[in-house]
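Worksheet for the structure shown next.
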Amino acid sequence: MGAGAAGEAGELEAKTLFETLQEKHPGRYQDGQLRTLQRRVKQWRAEQGPDKEVFFPQEHRPGEAAQLDFTHASSLGVTIMGVAFAHLLCHVVLPYSNWQHVTVCLSESFLALKRGLQAALFRLGRVPKWLQTDNSTAATHELATGKRGFNEEYAELVEHFGMKARTIGIGKSGSAAVSSIASTTVHVIWSLVQKPGAFVRYRYREELFPTTTFRRAYDALSGNGQSRESDLEYLRVLHLAAATIEEDVEAALAAEEPITCDAVRARLSMEADVAVPELAPYEPALGGYDELLEEVAR
């Protein structure tokens with residue numbers, strides 16, 4: 001469901017709720033109050049509703065990947081001898097350059113995919129490293145098992161052309177940039193922890209190094225080269241900073257060697273266990289209040 005459809009659904013839910021209230025309490029709620037309820041429901045949903053999935057827009061590289069998908073084309077209104085032509089398009093696109101190629105097909109079959117991919121590669125004259133598809137069609141994935149892994153025929157086809165198969169989300173879209181860890185919500189960072197592969201080419205990746213100390217920590221974790229493990233460890237540290245106090249985590253990063261999230265957390269626990277000097281309880285002189293009351297009475 002798109003953002004517009006989701007918004008419309010929210011408005012309908014609020015309207016239904018309002019109509020129910022009017023039925024249960026005749027004369028208490030006027031039609032002009034509907035807009036107020038809709039705003040309140042929208043605010044409640046944003047603050048108390050379920051978390052929304054976060055998408056991380058990626059920077060594409062020239063010639064690295066091609067994406068393939070099937071598109072229903074019946075809405076184009078194509079006719080043959082006056083009869084509507086119900087068909088699909090096997091659509092191949094290079095995300096970086098937006099180079100595109102389509103072939104007409106009648107179903108989302110493996111044969112249609114094979115024909116469309118081969119025609120696109122022959123026209124392109126090159127083979128990208130990755131072939132990306134979503135997992136919504138049986139032509140590429142094993143839908144019957146529920147695990148949605150690549151089916152054997154598709155995996156062999158991709159390997160035959162010297163490419164690697166990769167699954168992408170359905171209808172993924174971008175998100176707003178962030179300027180610092182202070183404006184990056186824990187939900188956002190936790191989503192990256194769950195999808196560390198999105199971090200390496202996340203469009204706003206540099207914004208996730210709030211200070212030089214965090215950048216040096218990431219470089220130290222990466223060592224001789226970036227890896228999924230180093231990205232995950234850094235994201236865990238970043239999540240800890242967002243969930244606690246950034247300055248404390250930064251100080252712990254500067255003091256710890258080697259750098260790991262567990263080491264930073266242990267350092268923070270040590271700081272928290274430092275003995276706090278006992279202070280005598282403050283006992284105000286109550287006579288001062290009597291004097292104040294006497295001044296007010298005058």
Side-chain angles (χ1 to χ4, degrees), residues 1-59 67 69-77 88 91 95 108 133-137 141 143 146-148 167-199 201-208 210 235-249:
M1 179 183 293
E8 291 174 5
E11 295 297 313
L12 290 174
E13 291 171 7
K15 186 175 181 181
T16 301
L17 177 61
F18 185 74
E19 291 174 347
T20 301
L21 289 172
Q22 286 184 314
E23 290 178 2
K24 289 187 175 182
H25 306 280
R28 184 173 180 180
Y29 300 102
Q30 306 303 315
D31 292 342
Q33 295 176 289
L34 173 60
R35 298 292 295 177
T36 300
L37 179 62
Q38 288 175 332
R39 287 195 298 269
R40 296 291 176 83
V41 169
K42 185 176 182 180
Q43 180 181 1
W44 178 88
R45 184 176 288 110
E47 296 176 353
Q48 307 295 331
D51 292 336
K52 295 180 175 63
E53 184 178 3
V54 177
F55 304 119
F56 304 100
Q58 302 290 291
E59 294 288 354
Q67 293 183 185
D69 197 7
F70 289 99
T71 302
H72 287 271
S74 298
S75 60
L76 297 177
L88 297 86
H91 183 207
E108 295 187 22
T133 61
D134 62 36
N135 61 3
S136 64
T137 175
H141 289 72
L143 304 186
K147 296 181 179 180
R148 293 182 180 260
T167 300
I168 58 176
I170 302 173
K172 296 297 185 181
S173 59
S175 63
V178 293
S179 57
S180 69
I181 194 172
S183 62
T184 305
T185 64
V186 179
H187 176 241
V188 172
I189 297 176
W190 183 244
S191 294
L192 271 174
V193 173
Q194 295 174 311
K195 302 177 182 178
F199 178 69
R201 269 185 279 160
Y202 179 40
R203 184 177 301 172
Y204 309 111
R205 180 171 175 268
E206 293 304 315
E207 305 296 343
L208 296 179
L235 289 169
R236 290 177 63 207
V237 171
L238 195 65
H239 183 264
L240 181 63
T244 57
I245 300 176
E246 178 185 334
E247 290 77 9
D248 291 347
V249 172

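Here the structure is a predicted model, which means the values were calculated and not measured.
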Contacts of type ring pair (Phe, Tyr, Trp, His ring centres under 6.0 Å), residue H141, not counting sequence neighbours: F150

Residues forming a side-chain hydrogen bond (donor to acceptor under 3.5 Å, both in side chains) with Q33, sequence neighbours excluded: none

Residue pair D134 / T167: nearest heavy atoms and the distance that separates them: C-CG2, 4.4 Å

T36: which residues meet the side-chain hydrogen bond (donor to acceptor under 3.5 Å, both in side chains) condition with it, sequence neighbours left out? R39

Report yes or no: do Q22 and D31 form a side-chain donor-acceptor pair below 3.5 Å? yes

Rounded to the nearest 0.5 angstrom, the CG-CG distance for L240 and L235 is 12.5 Å

Nearest 0.5 Å, please: how far is CG in D69 from OG1 in T133? 8.5 Å

